[in-house]
Protein chains: 4
Amino acid sequence: MTKEDQMIEEMFNQKGDLTERQKKIVAAAIESFAEKGYSATSTKEIAQKAGVAEGTIFRHYKTKKELLMSIVTPMMIKLMAPIIIKDINKVLNHDHETFEAFVRAMIDNRRKFLKSNLKIIKIFIQEIPFHPELKEQFIEHVGSKVFTRLRQIIEHYQDKGQIIKLPIDTVLRLTGSTIIGYFVTRYALLPNADWDDEAEVDLTIQFLMKGLAPEE
Amino acid sequence: MTKEDQMIEEMFNQKGDLTERQKKIVAAAIESFAEKGYSATSTKEIAQKAGVAEGTIFRHYKTKKELLMSIVTPMMIKLMAPIIIKDINKVLNHDHETFEAFVRAMIDNRRKFLKSNLKIIKIFIQEIPFHPELKEQFIEHVGSKVFTRLRQIIEHYQDKGQIIKLPIDTVLRLTGSTIIGYFVTRYALLPNADWDDEAEVDLTIQFLMKGLAPEE
Amino acid sequence: MTKEDQMIEEMFNQKGDLTERQKKIVAAAIESFAEKGYSATSTKEIAQKAGVAEGTIFRHYKTKKELLMSIVTPMMIKLMAPIIIKDINKVLNHDHETFEAFVRAMIDNRRKFLKSNLKIIKIFIQEIPFHPELKEQFIEHVGSKVFTRLRQIIEHYQDKGQIIKLPIDTVLRLTGSTIIGYFVTRYALLPNADWDDEAEVDLTIQFLMKGLAPEE
Amino acid sequence: MTKEDQMIEEMFNQKGDLTERQKKIVAAAIESFAEKGYSATSTKEIAQKAGVAEGTIFRHYKTKKELLMSIVTPMMIKLMAPIIIKDINKVLNHDHETFEAFVRAMIDNRRKFLKSNLKIIKIFIQEIPFHPELKEQFIEHVGSKVFTRLRQIIEHYQDKGQIIKLPIDTVLRLTGSTIIGYFVTRYALLPNADWDDEAEVDLTIQFLMKGLAPEE
DNA sequence: AATGAATGAGTGTTCATTCAT
DNA sequence: AATGAATGAACACTCATTCAT
């Protein structure tokens, strides 16, 4: 719970409008949603875990779904923000001379966020197929921008001759699969294995670079 | 529904013990579980969709969960079977001279299964985090054997000098990420995009082989 | 309860599609709705009084409101039916030579119905202001026909020179007020007073006839 | 709302102890109780409509029922007051020479009150069957006195030979039915019809007088 | 005086499951 | 085997009321 609490502190107190009780409700909801899934979690259970009356939940969130959304939406934005927001020139020209450096930076940066938002991300991925509004919201507010952005970045490094000139979406898919595959294995499938993260990332990036190396 | 029906025919009639009514129940359950998730689906709904009485479901399956299991367990076994069953020597020595040929064969072979079991696989992946028995069953009966087997195979091709001598589990992860990443993108994320499957698989395998190529 | 049961028997068994349990539910609902009002009556209470499980109510009636409607709608129709249905010539020419005879017949006939449907009528009157559908249904299916019919009848006796030629709606209102006023006093306001019904009706009709007597 | 506000002003400011906020609460409660009934109206709804906090209602009225009573009780008294209070000799001997004049005065006088208290009267009639205290209060404080009084008045005009010597309660009932029947039709059933009030009252009184005319 | 957060019992309704037919 | 009526616990949500601020 400590890690989760920390993340709630960070994420929601910035917004500054969560009361002590609300934080407890949100923390309890995250715990339960992640453990048993949104629709198998009862509001009674959340209330008990949070140590509040059931009615209190509904004072702050009109419906159970609104509670879910209030947890998942800001995370979704924060997860993708760094990719969208960063000044384009900075990212491409100044920040990272090579594609490898860019990928490494991205892994390092997102790893922290991921580690502290593990449960919320899990909830998000679990529930997105069942809530069309969530999907639409994701695509509208984040998804499309992120993909546009990532395509620009890949094109940039292709133009610089650092990576192979395959179709951009294919490069995107291969890169995404490799990185996300690492994170999923690391934090969801085998979180308790004995990981040497530094080495593992090195190998992963090395694999990716070789795989995407331009033809001679 | 035709595709789903076909698959049900194939899969369950082998077992030979499914009545006409049971097939309808199973088909309805697959449809609903995939669409709204296991716990958000009511047995009433399944009964209606299947055109049977509510009681009929419980005549064939003691509980709702048993119905879920009866859908998901055999699929899980069939999905993994080809990897486990095949005679070891055959696979390694005779069937596929190269790692590339092996990967290509695997993709081709599993693609058919995947396409016709899409919904069940979706259900399986959605529900596995919430049903410990399912997870245990998977690991015990399938997972561990599959992994042992895949490690042997990778070692074999490493020994033949066809792929780089990274830690076996790392190779496994990278290969898995690349292939599963392709399938997920192809069939779950963007099933309606305009895919040239042959070309896409060629590029994917080419990426994988370059990425895993032994050092010179 | 005996009287109520009787009436339920009569009214609903004709339709023949009420199970024993449904009858109990309906009887309990009538009792409670009449006593505390529709919205102050809980389904739990109805279930307990009926000696069934709460769920059973909802097997037969999709909502609490549907239960209310199923009680009130057929009564409304049966209450008004005799006025609408009767063959027009019969009523006007053959059945009743005088307006007095018509009024007396109406009082006698509707008294029986009223006595055995007292509670349901009470519920109907109590709830009609709060359920627009009920009001519309009443007007559409019964009200308008009844009024058209009653106007014809009054006109008929006016033409025969038996009652004064005031505006028809005024005659209707005065007649209605007098008769309904009697019934309300008799059965709702002072049901326990010491009534000599025959004498009281005689006086009431005598008052009505004098009041509506044509000018000389 | 203007009309309602006016009436509240009139009625409650006499008591002089209603704050601005209380008036808003009372006005909102009247609106809602009349529209949806007492028990279907929530205190939250009243608070919102009144523009005050939920707690504020309970600062002024211990319970929701007390709020109802505070609305309905003074109206009940004011409605009946003129009949009770007026100096007996004045009414009978000086004010109105004839029964007809008395009835006409009563209709004129009470019409104003009725028009501006329509909603409260509606609430009173709707709720009286469900609140025994209300009924008792009505009978004790108003009802019995009013009836005693009205009986005296009728007896007086009977003695003067102006109306028929039927049993007093029967005369009372017939007179009441006729007058109340007019008001109910005029203000509750068909308030939007095209009424010529003066003519209608004339006809109604004419009917009543003929109906109650002494035998020759 | 006024607020509105907090309460927990209560609401109508749905649930998975049982069982007589 | 199949039905669908019956169950009562559980559901998300609302209620009148309290109380610290």
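The chains referred to below are lettered A, B, ... by the order of the sequence lines, with proteins before strands, and numbering in each begins at 1.
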*Using the closest heavy atom to pick a nucleotide of DNA chain E for each, name whichever of His60(A) or Arg59(C) lands nearer the 5' end.*
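Taking each residue's closest nucleotide, the earlier one in sequence belongs to His60(A).
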
_Reading DNA chain E from 5' onward, which residue's closest nucleotide shows up sooner: Val52(D) or Gly55(A)?_
Val52(D)

*Spell out, as yes or no, whether a donor-acceptor pair under 3.5 Å connects the side chain of Lys64(A) to the backbone of Tyr38(A).*
yes

*Side chain of Thr41(C), backbone of Ser32(C): donor and acceptor closer than 3.5 Å?*
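Side chain of Thr41(C) to backbone of Ser32(C): a pair is present.
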
*Pull out every stem in DNA chain F, meaning runs of 3 or more consecutive Watson-Crick or G-U wobble pairs with both distances under 3.5 Å.*
E:2-21 with F:2-21

*What are the bounds, 5' to 3', of the part of DNA chain F that sits under 4.0 Å from heavy atoms of chain B?*
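Answer, 5' to 3': dA1(F) to dG4(F).
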
*What is the minimum heavy-atom distance between Ala29(D) and Leu67(D), and which atoms define it?*
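Answer, listing the atom of Ala29(D) first, then Leu67(D): CB-CD2, 3.9 Å.
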
*asked:* Quick check: Phe124(A) with Phe138(A) (ring centres under 6.0 Å apart)?
replied: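 Between Phe138(A) and Phe124(A), the centre distance is under 6.0 Å.
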
*Return yes if a side-chain donor-acceptor contact under 3.5 Å exists between Gln137(B) and His141(B), otherwise no.*
no

*Looking at residues at least two apart in the chain, or sitting in another chain, which of them share a side chain to side chain donor-acceptor pair (under 3.5 Å) with Ser42(B)?*
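None.
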
*salt bridge (charged side-chain N to carboxylate O under 4.0 Å, His left out) against Lys65(A), all qualifying residues, sequence neighbours excluded*: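 For Lys65(A), the residues satisfying salt bridge (charged side-chain N to carboxylate O under 4.0 Å, His left out) (neighbours in sequence not counted) are Glu133(A).
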
Quick test: give all pairs of protein nitrogen or oxygen and nucleotides 10-12 of chain E nitrogen or oxygen below 3.5 Å, distance rounded to 0.1 Å.
residue : atom : partner  : partner atom : Å
dG12(E) : OP1  : Thr41(C) : O            : 3.2
dG12(E) : OP1  : Lys64(C) : NZ           : 2.9
dG12(E) : OP2  : Thr43(C) : N            : 2.9
dG12(E) : OP2  : Thr43(C) : OG1          : 3.2

*asked:* Walk me through whether Glu45(B) and Lys36(B) qualify under salt bridge (Lys or Arg N to Asp or Glu O under 4.0 Å).
replied: CA-CA 11 Å; Glu45(B) 195 191 329; Lys36(B) 350 177 44 186; 3.3 Å; yes

_Both Lys65(D) and Thr56(B) contact DNA chain F. Which one's nearest nucleotide lies toward the 5' end?_
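The answer here is Thr56(B).
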
_Please enumerate all residues that pass side-chain contact (heavy atoms from CB on, under 4.5 Å) together with Ala47(C), with sequence neighbours excluded._
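Ala47(C) satisfies side-chain contact (heavy atoms from CB on, under 4.5 Å) with Val52(C), Glu54(C), Ile57(C) only.
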
*In plain terms, say whether Glu31(D) and Lys49(D) are close enough for a salt bridge, that is, a side-chain N and a carboxylate O under 4.0 Å apart.*
no

